[in-house]
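Worksheet: the structure to be examined is printed underneath.
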Amino acid sequence: MATANVSTTIQANNKPSIELVRPLANFPPSTWGDQFLSFSLDNSKLEAYAKIIEEQKENVKRLIDNLSMDSNEKLRLMNCIYRLGLKHLFVDQIDGQLDKLFKEFELKDYQDADLYTTSINFQVFRQHGYKMSCDVFKKFKDCSSDKFHEYITTDVMGMLSFYESTQLRIRGESILDEALTFTEAQLKAVVDILEGNLAQRVKHALMNPFHRGLQMVEARLYFTYYEEECSIHESLLKLANAQFNYLQLLQKEELHILTK
């Protein structure tokens, strides 16, 4: 019995050993290189941007609270603030102003408003939780044919804003369901003949409506495409630029720590 056990042990030891081959991942080199590894945070720059942010915040607050500013202009200002990703800096001021403006809202006030103004105002209220009636868009439809007026198709900025407004529709708002189909078809028909920033805005909106994108990415694109639109408020542009640069420095520092 003992001899049999010894024989079995010898046979087992004589079996060829199996060498384990571990799979190796062939990762491509980082597109960032070692720039984050060698990054050094300049605290003086960070402090300078922080100072600009605090200064311009006060200027923008005064703009929001300006009693002499036209309501449409104020809503356009709030739209710029929202799209630039700066709303968190002015929550109390914006909520207070919107609450007041929404209480004063009357459908008849929009009888003379163009498509762009109506669309921007609609977006601002909807984005901040106010259920502004989609009936404000009924005047852009022909009652006899129940189709949208052809003249609005020549207003590309208005059509783009109208298209973005349809992204905020809720169930049962048939006029916005129709408007989505209408505006999308019209914008696709003209996008290839547009030029400059307007062409880029339309292409981006059709490909990826802003409310579906990452806030910081969309804010940066908005700053690039709509700089002229927001330029009437210089303090807002300065604030947006300083805020972006400030956050960029912090994010680079975080990546530097992670890549060590």
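For this chain, numbers begin at 1 and follow the sequence in order.
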Kindly indicate, with the supporting measurements, whether the criterion side chain to side chain contact (heavy atoms under 4.5 Å, CB included) is fulfilled by Leu86 and Gln243.
CA-CA 8 Å; Leu86 300 173; Gln243 175 82 354; 3.8 Å; yes
Does the side chain of His233 come within less than 4.5 Å of Val60's, by heavy atoms?
no
Among residues at least two apart in sequence or on other chains, which ones pass ring-ring contact (aromatic ring centres under 6.0 Å, His included) with Phe105?
Tyr110
His204 meets the ring-ring contact (aromatic ring centres under 6.0 Å, His included) criterion, sequence neighbours left out, with none
Which residues pass the salt bridge (Lys or Arg N to Asp or Glu O under 4.0 Å) test with Arg76, not counting sequence neighbours?
none
Taking Ser165 for the side chain and Ser161 for the main chain, is one N or O donor matched with an acceptor at less than 3.5 Å?
yes
Please tell me if the side chains of Tyr163 and Leu206 come closer than 4.5 Å, counting only heavy atoms from C-beta onward.
yes
Using side chain to side chain contact (heavy atoms under 4.5 Å, CB included), reason through Leu239 and Phe244 one step at a time and then give a plain yes or no.
CA-CA 9 Å; Leu239 174 60; Phe244 179 83; over 6 Å; no
Quick one: closest heavy-atom pair of Arg126 and Cys134, and the distance?
NH2-N, 4.2 Å
Under 3.5 Å donor-acceptor, Thr118 side chain and Leu115 backbone
no
Would you list the pairs meeting salt bridge (charged side-chain N to carboxylate O under 4.0 Å, His left out) in which at least one residue belongs to residues 147-166, sequence neighbours left out?
Arg83-Glu164
Quick one: side chains of residues 46-59, donor-acceptor pairs under 3.5 Å with protein atoms, not counting sequence neighbours, listed by atom name and distance.
unit_1: Gln56; atom_1: OE1; unit_2: Asn59; atom_2: ND2; d: 3.1
unit_1: Asn59; atom_1: OD1; unit_2: Arg62; atom_2: NH2; d: 2.4

A quick test of your reading: do over 12 heavy atoms of other residues, nucleotides or ligands sit less than 6.0 Å from CD of Glu73?
yes
Pair listing, salt bridge (charged side-chain N to carboxylate O under 4.0 Å, His left out) test, anchored in residues 129-143, at least two apart:
Asp135-Lys138, Lys141-Asp146, Lys141-Glu178
Please tell me whether Phe140 and Phe148 form a close aromatic pair, meaning their ring centres lie under 6.0 Å apart.
no
Could I get the full list of ring-ring contact (aromatic ring centres under 6.0 Å, His included) partners for Phe137, not counting sequence neighbours?
Phe122, Phe162
Just to verify, what does Tyr116 make a side chain to side chain donor-acceptor pair (under 3.5 Å) with, not counting sequence neighbours?
Glu229
Salt bridge (charged side-chain N to carboxylate O under 4.0 Å, His left out): pairs with one or both residues in residues 94-103, sequence neighbours excluded
Asp99-Lys103, Lys100-Glu104
Which ILVMFWY residues can you reach from Tyr82 by hopping between side chains whose heavy atoms are under 4.5 Å apart?
Phe210
Is any side-chain heavy atom of Ile64 closer than 4.5 Å to one of Ile81?
yes
Would you say CG of Leu214 has more than 12 non-hydrogen atoms from neighbouring residues, nucleotides or ligands within 6.0 angstrom?
no
Ignoring hydrogens and geometry, is there a side-chain-to-backbone donor-acceptor pair from Arg169 to Leu176 under 3.5 Å?
no
Not counting sequence neighbours, list each pair that qualifies as a side chain to side chain donor-acceptor pair (under 3.5 Å) and has a residue in residues 189-203.
none
Within the side chain of His128, is there an N or O that forms a donor-acceptor pair under 3.5 Å with the backbone of Val124?
yes
Any chance you could lay out the side chain to side chain contact (heavy atoms under 4.5 Å, CB included) test for Gln186 and Val156, step after step, and finish with the verdict?
CA-CA 9 Å; Gln186 293 294 327; Val156 179; over 6 Å; no
Should Leu249 and Lys45 be marked as a side chain to side chain contact (heavy atoms under 4.5 Å, CB included) after you check the CA-CA gap, both sets of side-chain angles, and the distance that decides it?
CA-CA 9 Å; Leu249 284 178; Lys45 279 188 177 180; 4.0 Å; yes
Going by the salt bridge (charged side-chain N to carboxylate O under 4.0 Å, His left out) test, which pairs reach into residues 112-123, not counting sequence neighbours?
none
